[in-house]
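Every heavy atom of this structure was used, including side-chain atoms; hydrogens, water molecules and symmetry mates were not. Note that the coordinates shown come from a computational prediction; the quantities given were computed from them, not determined experimentally.
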Amino acid sequence: MADTPYPATLSGIMARLTRRDLVKTVLVAGGAVAWAGYGRAPRSYAQGTTTLTQWYHEYGEAGTQDAALRYAQAYTTEPDGNPAVSIEMVWNPGDYAGKLNAALLTPDGPDIYENGGITSAVVNANQAVPLNDLYTPEVRADFSPLSLQVNQFGDNVYGVKIVNDTGVIYYRRSLLEAAGIAPPQTMDELIAASTALGTGRQKGLFIGNDGGISAFLTLLPQSGGSQFLEGDQVVFNNERTILAYQKLIELNATGSLLTGAPVEWFDPSSFTQGLVAMQWCGLWAMPQIQAELGDDFGVIPWPALDASGTPVTFFGGWTEYVNGNRPNVELSKAFVNWLWIQRADFQTDWNLAYGFHVPPRISVAAAATQLQSGPAAEVVGILEQYGQILPPTWTASMGTILQDAVTGVVQGGGGDLAAVLTDAQGQIEAEVVRQATPVAAR
Amino acid sequence: MATTLDTTETTRPVIATGARTAQRTGRRPGPIVNQIVLYIVAIVLAAIFLFPFYLLVRNALLTQAQISSLEWSWWPTEAQWVNFRTLFNDYPMATGIRNSAIIAIVNLVFQTLFASMAAYGLARMPVRGKDVVFYIILLTLMIPSAVTFVPTYVVISQLGWINTIQGIVVPGLFSAFAVFIFRQFYLDFPKELEDAGRLDGLSYFGVYRALVLPNSWGVMAAIGALSFINSWNAFLWPLVVGQSPDSYTIQIVLSTLITAQVINLPVMFMGAIVAIAPLVLIFLILQRYIVQGVTMSGIKG
Amino acid sequence: MAIAQPTERLQVPKVSFWQKQSTQAQLAFWVFVGPIMLGLTVFTFIPIVWGFLISLSDARNSVSIGNWIGFENYRYMIGNDQFRRSLVTILIFTAFIVPLTTIFALGLAMLVNALTFGRGIFRTIFFIPTAVSYVVASLIWKTSIFTGVPSGFANTVVYWLSGSDPTSPVYNWVVEYTWWVLVSVRLWLQVGFYMIILIAALQNIPRDLYEAAYVDGGRPGWTTFRTITLPLLRNAVVAVVVLNLIAAFQAFDEFYNILSGGLASSANLSIARTPLIYTYQIAIGQQDYGRGAAAGFILTAIIIAVTIVQGRLFGFGRSSD
């Protein structure tokens with residue numbers, strides 16, 4: 001796809017510039033030199049007898065890549081590791097999901113990889129193996145319930161959570177105080193606050209360039225107390241969900257939302273540059289926001305839909321999995337156990353030394369002084385209290401169906417919300433049935 | 001393109017090509033007023049076409065904060081040349097440029113060679129069934145890469161070529177598009193020349209090497225340049241097949257500037273300038289040959 | 001691409017004496033064609049056939065074949081609302097981009113050709129966007145020209161036109177004027193290339209045709225354009241149209257980079273998702289290779305059909321002589 005059919009031509013390049021022999025010599029020599037010199041920088045991982053590959057996506061915080069490499073090397077060199085195993089850490093910029101999915105189909109896939117959460121399809125394809133034996137009672141008790149739940153399918157836990165992420169609404173204290181507005185507690189208050197703060201060329205709230213659809217597609221109904229799947233039942237299509245999306249339409253209609261910003265909601269620039277008074281953004285952005293705004297900001301969860309709803313935020317982050325289609329599953333499990341369960345110091349380092357995250361281990365989080373006070377402590381509390389996840393049977397295709405339906409109404413200039421949701425429900429039910437039917441033989 | 005002929009070899013006649021023999025289009029210079037209007041239109045359009053390049057340079061010299069600011073600015077009050085240093089100090093740009101240049105050159109040499117040979121055979125050799133072969137090759141152009149992407153990846157994996165240079169480069173060396181363009185060109189190639197060569201006792205390969213190749217540098221250059229640009233700008237395949245940072249191409253290095261948490265826009269734009277500069281330079285120097293190359297390639301219909 | 005036209009110069013070469021040595025010719029032919037056929041076989045034909053077999057299989061999280069389900073994947077994709085919407089999207093896009101590109105390219109070619117000096121400079125200026133990748137162009141369009149914030153260029157122009165009225169509207173161009181954004185970026189990127197093709201064709205029109213027309217009382221301008229230029233450019237124009245059509249049907253990069261937020265998915269992609277993006281989402285994103293492959297082959301069939309119809313209508317592929 002990157003090879004878009006690029007128009008031909010630069011033509012007689014060599015035609016006149018050079019005589020053919022010169023061209024030939026240059027090209028052939030260039031090609032040979034090129035071939036010989038390509039990508040031959042020395043590998044920099046410690047040597048053991050068995051090599052396991054470990055994949056990460058590209059984290060944005062400076063220093064994370066070096067840290068991941070350091071952990072990998074430590075496994076071979078440190079006494080509590082395994083000198084017979086070397087870990088080849090692979091850092092993957094760009095489209096991690098696409099690259100990972102392609103690699104998992106082949107015998108060359110990674111032994112150990114991180115991903116967002118478990119799905120039934122991954123389990124059925126043996127792309128992740130159960131890690132139950134890593135979770136002794138003490139270990140299990142030390143992980144926050146959602147950290148386990150997000151990796152649970154059937155009776156098994158398939159991964160080890162390595163970092164927790166979440167999002168909150170950041171607001172400018174000074175702007176809210178000047179306008180006499182208290183931090184909103186309900187959706188209606190949020191709409192009112194956004195409208196009041198979106199004066200002139202400054203907007204009130206930034207929740208994504210799509211008007212919040214992708215970021216709140218599932219969070220909004222959840223803020224009204226509605227869920228999506230219960231067992232094999234599709235349960236989102238109800239009045240609460242309709243009300244939730246209607247509120248999103250209402251919020252968009254105020255004209256006080258920032259849309260079409262140069263960078264998306266996960267980057268705090270729009271907030272720190274004063275394009276908006278409030279922005280939905282991740283915990284990871286807090287150091288940058290603190291650096292640029294000092295104390296002039298506060299955090300709140302996404303507000304409850306109304307009095308009978310609940311504030312929400314996403315329970316995000318990354319989990320380490322072991323690929324069942326590789327030869328050294330047991331060695332890989334041992335490494336995961338060592339890195340993310342035994343070595344609390346590495347989990348602390350990984351979560352807190354390069355931007356802000358919440359360690360999934362309760363004991364590690366409790367020991368983190370950075371998370372004990374101020375806005376960071378508030379965010380930790382918000383995550384514990386209001387974090388939401390989706391069941392492993394909820395797939396990307398279901399999300400796409402729902403997103404298309406909601407986008408059509410929110411940005412397509414109206415439409416019958418109830419009708420499109422019922423239509424989406426039908427399509428999603430078909431997907432649920434299909435997910436429940438495993439591919440016969442592999 | 002007579003100049004491409006080696007004048008010391010007298011047996012070689014001048015090859016007539018469209019660009020050389022065709023007359024300039026006969027639009028007489030109109031009245032002065034017409035010309036003035038034309039130039040005004042041309043200058044306005046040129047300004048519009050150049051505008052995105054200006055934005056590229058401006059953005060590369062802004063700070064991230066200024067790109068997200070409220071007010072339009074024509075030019076940074078303080079040009080952030082530090083973005084250039086950041087790019088080369090904090091990101092493996094040198095590696096990226098080296099790898100991309102290597103891949104692009106290898107691609108240029110072999111894609112052009114393979115396509116040219118095949119096209120010559122398809123255009124000129126008296127072999128039954130060669131048209132079927134040609135249509136089979138052409139069919140591949142119609143099939144979107146999304147269909148073949150994963151199977152090709154698995155083939156590469158079966159060959160043990162994941163995370164190797166051959167895995168990145170080799171699948172791109174076989175271009176049906178290039179075969180088509182070359183074939184169009186060879187269909188117009190003067191038959192007498194080849195017959196003379198054959199009479200002199202040259203083999204098929206001899207004719208190709210001694211007569212055909214030396215007279216098709218123009219179209220070779222066009223195709224070569226095309227494959228150079230394509231592989232220079234390629235992103236998804238090298239990303240998925242390559243793994244170690246040593247194998248990053250320039251486009252992959254640029255993609256590391258966009259992460260799930262932060263997007264470093266000004267440095268990204270600076271990187272884009274660095275990535276485009278070699279291609280633009282080539283255009284600027286060689287633009288006068290471009291017209292001839294396209295004409296020769298037979299698209300003229 | 002355009003190229004897949006069967007009628008294109010298919011003449012069997014006139015008999016020359018060496019034609020008789022057919023064994024030698026056979027051997028030589030395969031030596032010449034062998035390398036590319038070998039490469040295409042391994043890296044393209046096998047994947048295509050494999051892809052087709054996958055499209056007949058239930059292949060989720062797997063590319064192994066054998067779980068035959070007939071044409072179920074095709075039936076599903078054809079009945080799928082999202083896929084059908086993506087086909088409508090690409091038809092709309094094609095309906096905009098192909099005529100616009102052709103007309104602009106022709107206009108630029110004639111403009112450049114009519115200039116008395118500085119042709120090279122203008123030709124270069126119109127051509128160099130070709131060197132820019134879709135990713136970079138999309139980034140410029142999205143972050144600097146058509147942003148939804150006041151500092152974006154388009155909104156700044158609106159602000160200036162309003163007489164610097166601070167209450168002037170700030171548009172979210174990508175959502176409100178999606179087609180303007182998407183069409184203009186591709187136009188900028190590709191029009192120069194097609195202009196070059198047409199300039200080449202223009203220069204092949206013999207000058208005496210015009211001279212004769214002037215002698216006969218024809219005047220430079222619309223009449224000669226209609227009676228001489230256009231008919232003689234027909235093949236080149238049709239080539240431009242067909243190349244353009246095939247490229248437009250496979251549009252991916254600018255839609256993906258402008259509408260989707262890059263790494264974070266953005267619902268703006270729901271506004272105008274192309275078939276190739278949808279195919280990619282199914283196959284790579286959701287690891288449902290059976291359906292993804294079926295979608296890809298349906299798109300292929302449409303491209304081939306449109307190319308053939310287009311070829312029949314306009315006679316692409318006929319030799320000009």
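At a cut-off of 3.5 Å, with distance as the only test, no side-chain donor of C/Ser266 or A/Asn209 sits close to an acceptor on the other residue. The closest side-chain donor-acceptor pair between C/Tyr289 and A/Asn101, if any, does not fall under 3.5 angstrom.
Within 6.0 Å of CZ in C/Phe104 there are 12 or fewer heavy atoms belonging to other residues, nucleotides or ligands. Within 6.0 Å of CH2 on C/Trp160 lie more than 12 heavy atoms contributed by other residues, nucleotides or ligands.
For chain A, no part of C/Asn80 is nearby; none of its heavy atoms comes within less than 4.5 Å. In this structure, chain C has no heavy atom under 4.5 Å from any part of A/Val406. Neither the backbone nor the side chain of C/Tyr171 comes within less than 4.5 Å of any heavy atom of chain A. There is no contact between C/Ser151 and chain A, counting heavy-atom distances below 4.5 Å. Contacts between A/Ser397 and chain C at a heavy-atom distance below 4.5 Å involve backbone atoms as well as side-chain atoms. Using a 4.5 Å cut-off between heavy atoms, A/Leu217 makes no contact with chain C at all. Residue C/Glu176 does not touch chain A at all, counting heavy-atom pairs closer than 4.5 Å. Proximity to chain C is absent for every atom of A/Thr106, based on heavy atoms less than 4.5 angstrom apart.
Expressed to the nearest 0.5 Å, how far OG of C/Ser270 lies from CG of A/Leu402 amounts to 9.5 Å. To the nearest 0.5 Å, the span separating OG1 on A/Thr437 from CZ on C/Arg60 amounts to 6.5 Å. With values rounded to the nearest 0.5 angstrom, C/Ser260 atom OG is found 9.5 Å from A/Asp210 atom CG. With values rounded to the nearest 0.5 angstrom, A/Ser214 atom OG is found 10.0 Å from C/Leu269 atom CG.
The shortest non-hydrogen separation linking C/Asn61 to A/Ala125 is CB-CB, 3.5 Å. Annotation for C/Asp81 and A/Gln427: closest pair OD2-NE2, 3.7 Å, computed over non-hydrogen atoms. Closest heavy-atom contact between A/Ala261 and C/Val149: CA-CG1, 4.0 Å. Residue A/Gln403 comes nearest to C/Ala267 through the heavy atom pair NE2-CA, 3.3 Å, listed as atom of the first residue, atom of the second, then distance.
Side chains of A/Arg434 and C/Asp58 form a contact here, defined as non-hydrogen atoms less than 4.5 Å apart. Looking at C/Gln286 and A/Thr400, their side chains come closer than 4.5 Å, going by heavy atoms from C-beta outward. In this structure the side chain of A/Asp404 reaches within 4.5 angstrom of the side chain of C/Arg85, judged on heavy atoms.
Between A/Glu431 and C/Arg291 there is a salt bridge, since at least one side-chain N of the basic residue sits less than 4.0 Å from a carboxylate O of the acidic one.
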